[in-house]
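Following: one structure in structure tokens, then a few remarks.
Worth knowing before you read on, the calculation uses all heavy atoms, side chains too, and leaves out hydrogens, waters and symmetry mates. These numbers come from a predicted model, not from an experiment.
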Amino acid sequence: MVRRTFADRISDLDQPDMRTDEEEIWGVVRAILTLTRIAVLLSIIIIAEMLEEYFFNGLSVAIWSLIIGIPLFFALSISIILGDRFLGKDKESESTVIRPIRQRS
């Protein structure tokens with residue numbers, strides 16, 4: 001396996017991006033969903049730790065953060081997985097040979 005040099009990596013930045021519009025849009029949406037998922041997880045932990053002595057409708061606010069946060073976390077995770085499956089890069093196209101070696105005639 002040949003290691004790529006830093007100059008090769010820099011020269012690859014000059015090459016045009018061959019992604020479609022859908023792939024670019026999904027990349028942005030996926031990043032937003034991932035950051036939102038991290039924010040939900042951190043907010044669940046912070047709310048559960050800081051607001052356990054306050055009550056709302058007979059339950060602690062910490063319990064409410066778990067009741068709302070855990071399904072929201074799973075919904076975001078499932079949407080990322082399904083989006084990758086339908087809109088992400090096709091794994092078959094990544095593994096196929098673009099320019100196979102041809103025999104000379």
Side-chain angles (χ1 to χ4, degrees):
M1 178 182 246
V2 178
R3 298 185 95 186
R4 295 178 57 198
T5 64
F6 185 70
D8 290 338
R9 293 179 186 178
I10 294 297
S11 68
D12 284 344
L13 293 175
D14 292 335
Q15 301 300 324
D17 190 12
M18 302 304 272
R19 297 187 326 173
T20 63
D21 289 341
E22 292 87 11
E23 289 173 343
E24 289 183 14
I25 292 170
W26 171 244
V28 172
V29 171
R30 187 181 195 287
I32 292 170
L33 287 174
T34 302
L35 291 175
T36 305
R37 184 173 66 166
I38 293 169
V40 165
L41 181 66
L42 292 176
S43 65
I44 289 171
I45 295 169
I46 291 170
I47 290 171
E49 288 296 324
M50 298 185 92
L51 300 175
E52 55 185 70
E53 66 268 357
Y54 297 105
F55 288 89
F56 180 73
N57 285 344
L59 290 174
S60 171
V61 175
I63 299 297
W64 280 111
S65 72
L66 294 174
I67 291 172
I68 295 169
I70 291 174
L72 184 60
F73 181 82
F74 282 122
L76 289 170
S77 299
I78 289 172
S79 65
I80 290 171
I81 291 170
L82 291 176
D84 282 342
R85 186 172 295 163
F86 293 120
L87 301 172
K89 285 187 175 181
D90 189 18
K91 291 191 178 184
E92 284 182 18
S93 64
E94 287 181 2
S95 64
T96 58
V97 178
I98 295 175
R99 294 186 185 108
I101 298 173
R102 297 182 186 137
Q103 289 183 342
R104 296 182 184 176
S105 22

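The side chain to side chain contact (heavy atoms under 4.5 Å, CB included) test applied to I81 returns R85, not counting sequence neighbours. Contacts of T36 classified as side chain to side chain donor-acceptor pair (under 3.5 Å), with partners at least two apart in sequence or in another chain: none. In this structure, the side chain to side chain contact (heavy atoms under 4.5 Å, CB included) partners of E24, at least two apart in sequence or on a different chain, are D17, R19. Remark: D8 pairs with T5 by the side chain to side chain donor-acceptor pair (under 3.5 Å) rule, at least two apart or across chains. With sequence neighbours left out, the side chain to side chain contact (heavy atoms under 4.5 Å, CB included) criterion links I78 to L82. Applying the side chain to side chain contact (heavy atoms under 4.5 Å, CB included) rule to I38 yields the partners T34, L42; only residues at least two apart in sequence or on another chain are considered.
Judged as a side chain to side chain donor-acceptor pair (under 3.5 Å), not a single pair has a partner in residues 45-56 (not counting sequence neighbours). For residues 54-80, the set of pairs meeting the salt bridge (Lys or Arg N to Asp or Glu O under 4.0 Å) definition, not counting sequence neighbours, is empty. Residues in residues 56-80 take part in no salt bridge (Lys or Arg N to Asp or Glu O under 4.0 Å) pair, two or more places apart or across chains. Listed by first then second residue, pairs satisfying salt bridge (Lys or Arg N to Asp or Glu O under 4.0 Å) with a partner in residues 29-40 read R30-D84, not counting sequence neighbours.
Two different hydrophobic clusters hold I47 and V40 under the rule that ILVMFWY side chains link at heavy-atom gaps under 4.5 Å. When hydrophobic clusters are built by joining Ile, Leu, Val, Met, Phe, Trp and Tyr residues whose side-chain heavy atoms come closer than 4.5 Å, directly or via intermediates, I32 is not grouped with I25. The hydrophobic clustering, which links ILVMFWY residues whose side-chain heavy atoms are closer than 4.5 Å, places I70 and I63 apart.
With a 4.5 Å cut-off on side-chain heavy atoms, L33 and W26 count as touching. Using a 4.5 Å heavy-atom cutoff, the side chains of L51 and W64 are not in contact.
Taking a 4.5 Å side-chain heavy-atom cut-off between Ile, Leu, Val, Met, Phe, Trp and Tyr, the cluster of L35 contains only that residue.
Within the model, atoms OG of S65 and CG of L72 stand 11.5 Å from one another, a figure rounded to the nearest 0.5 Å. If you take CZ on F74 and OG on S79, they are separated by 13.0 Å, rounding to the nearest 0.5 Å.
Summarising the geometry of F55 relative to V61, their closest heavy-atom pair is N-CG2, 4.4 Å, with the distance given to 0.1 Å.
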